[in-house]
Amino acid sequence: MSITVEEIDNGIVIDHIPAGKGVLVMQLLDIDQNYKGMVALVMNVRSNKFGKKDIVKLQGKTMNQKIFDKIALVAPTATINIIKDFKVIEKRKVAIPQKLVDVSRCPNPKCITNFESVETIFLNLNDSFFRCYYCERVFEREELK
Amino acid sequence: MRKKSLISIRDLDKRDIENYLKLAERYENHFTKEKIGKVLATLFFEPSTRTNLSFQTSAKRLGIDTLNWNVQFSSTQKGESFEDTVKIVSGYADILVIRHPLEGAARFASEVQDKPVINAGDGANQHPTQTLLDLYTIKKYKQKIENVNITLLGDLKYARAMKSLIYGLAMFGANITLVSPKGLEMDSYVIREVKEKFSANIIEQNVIDLSGTDVLYLCRIQKERFSDPYEAEKIQKEFRVNMDYLKKAKDDLIIMHPLPKVDEVPKEVDKLKNAIYFSQAKNGVPVRMAVISDLLGLGD
Ligand SMILES: [Zn+2]
């Protein structure tokens, strides 16, 4: 069985999202009922590499570094294809940067960043653990969102 | 070696610390008679008279004037933002000493204005001058830190002094034994970090055995950490040092404590020559003089 989804003219296709994380990725990209472009979310597709994966297609969506970092955090295996005139003009594998700026609030309720208006900064220790630059606590990847 | 601010023990490497300890030694008996035309402000958002006095003494002995801003922080009561307060005081002083219940407050303060900041304690996070004075004290009594056997005893989870001390000790290659009640153990990420960074030699125990120990470092176990008051009492009793434990200890064992102590140390221990916590506290003065003088570039 296969599901066919219409090609998009311009926008992005996020492939190789770990199965079940597609909805979260859509949330990170602020996709809701008000989004005007064509949106496709395909869940639990068979994948040679991962067994199962999710795919998200978004017409008219553009990327910036912050969105890129956010996706890397929840879907570290994802690849992002940027589409222009029905062609993939750029293919990028997401990567968690050494320094995550303003991508997550600090899970420590006693952290100054939860009281003063300041961008959070997390230092990537080894792609699984992250240290808050301010309160210096270490968090697991799943705790950041 | 001049640093901009001193926020965390993680900002320092071994050489920085050695330099501070050397400089502190030079300041042991140093009193400047003339004022040097600088102002140090202490901003305390939670009370800590001891730390505040220590910083003010250090400043005065360097000929620096002091300002004192004490406001109780409240997370529910809306007042002037911390950022605004820091910016205002920064206009009056050449260096800021900040104590705040929120973690990361001093780091934040060092970024919203230009003057150097010394972190005098931010929640359960850091208190770097405490660690420096602890290292200074160990070195003074044991002539070295490397290979000294040190036991950290008490609440290792919430005690800020312990979290940065273990980092400093590991950096200098001490042999560290951790003894704490169940549930109050040192956070595993702290242990993992010092093992990875310094290949630290760390043993975790839940019984007190002081037979091979050179330095016993105590801290409080607060009743509030336990929901059951009976349990709290039992554990406090079990983890209180007493003369029985000390019988098996080395003659030249030193007993340290970040102070204030309440009832975790019996009065008879105070009388022992091994109990050095009051001179430990006194060492805070030359150590803080060294840090202040470095941050203000007084030696340049
Ligand atoms: Zn934080």
Side-chain angles (χ1 to χ4, degrees), chain A residues 18 21 24 28 64-77 94-145, chain B residues 5 7-12 45-46 73-87 98-113 117 119 121-128 131 157-158 160 163-164 166-167 186-197:
Chain A
K21 299 282 187 191
L24 202 56
L28 290 179
N64 63 38
Q65 191 59 41
K66 202 156 121 185
I67 295 177
F68 207 74
D69 295 348
K70 279 190 172 182
I71 293 174
L73 217 48
V74 300
T77 52
V94 300
I96 310 174
Q98 282 315 100
K99 206 167 156 183
L100 291 158
V101 179
D102 200 26
V103 301
S104 166
R105 66 181 288 274
C106 181
N108 172 10
K110 283 190 71 194
C111 181
I112 189 79
T113 59
N114 290 314
F115 291 83
E116 295 284 327
S117 60
V118 56
E119 285 183 336
T120 59
I121 301 171
F122 292 92
L123 309 172
N124 182 353
L125 300 180
N126 58 7
D127 276 6
S128 305
F129 291 98
F130 299 84
R131 181 190 303 284
C132 171
Y133 172 67
Y134 289 95
C135 69
E136 300 185 32
R137 292 215 189 193
V138 174
F139 303 99
E140 289 183 47
R141 187 164 54 79
E142 289 73 27
E143 293 177 90
L144 301 185
K145 49 184 131 339
Chain B
S5 284
I7 307 299
S8 165
I9 194 75
R10 289 192 182 87
D11 299 342
L12 303 175
F45 294 84
E46 72 182 5
F73 169 79
S74 150
S75 57
T76 47
Q77 242 173 304
K78 264 275 172 213
E80 181 179 63
S81 83
F82 175 59
E83 181 172 350
D84 289 0
T85 309
V86 168
K87 282 179 171 161
I98 297 178
R99 168 78 150 228
H100 200 288
L102 293 179
E103 290 150 25
R107 178 80 65 195
F108 175 74
S110 74
E111 282 176 359
V112 297
Q113 51 77 50
V117 171
N119 183 6
D122 59 330
N125 183 31
Q126 288 276 324
H127 189 3
T131 306
K157 188 176 172 65
Y158 297 98
R160 170 181 56 208
K163 244 193 262 177
S164 23
I166 190 176
Y167 191 94
M186 179 81 66
D187 282 335
S188 59
Y189 75 77
V190 177
I191 297 178
R192 197 169 45 229
E193 180 187 12
V194 296
K195 279 189 174 168
E196 274 172 20
K197 253 193 191 147

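What you are looking at is a predicted structure, and each value in this text was computed from that prediction instead of being measured. Chain letters run A, B, ... following the sequence lines, proteins first and then strands; every chain starts at 1.
In this structure, chain A has heavy atoms under 4.5 Å from both the backbone and the side chain of B:F108. Neither the backbone nor the side chain of A:N114 comes within less than 4.5 Å of any heavy atom in chain B.
The interface of residues 128-136 of chain A with chain B, defined by heavy-atom distances below 4.5 Å, comprises A:F129, A:R131, A:Y133, A:Y134, A:C135, A:E136.
In this structure, the side chains of B:S8 and B:D11 come closer than 4.5 Å at one or more pairs of heavy atoms. No side-chain heavy atom of A:L123 sits less than 4.5 Å from a side-chain heavy atom of A:Q98.
Between B:I9 and B:Q126, the shortest heavy-atom contact is N-OE1, 2.9 Å.
Counting heavy-atom pairs under 4.5 Å between each of B:K163, B:E111, B:H100, B:R107 and chain A puts B:R107 at the top.
Judged as a side-chain contact (heavy atoms from CB on, under 4.5 Å), and not counting sequence neighbours, the contacts of A:T120 are A:T113, A:F122. Every residue meeting the side-chain contact (heavy atoms from CB on, under 4.5 Å) condition with A:V94, not counting sequence neighbours, appears here in chain and number order: A:F68, A:I71, A:A72, A:A78, A:I80.
No side-chain donor from either of B:S5 and B:S110 sits under 3.5 Å from a side-chain acceptor of the other.
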Side chains of residues 138-145 of chain A: which donor-acceptor pairs under 3.5 Å do they make with residues two or more places apart or in other chains?
residue, atom, partner, partner atom, Å
A:R141, NH1, A:L73, O, 2.8
A:E143, OE2, A:E140, N, 2.7
A:K145, NZ, A:E142, O, 3.3

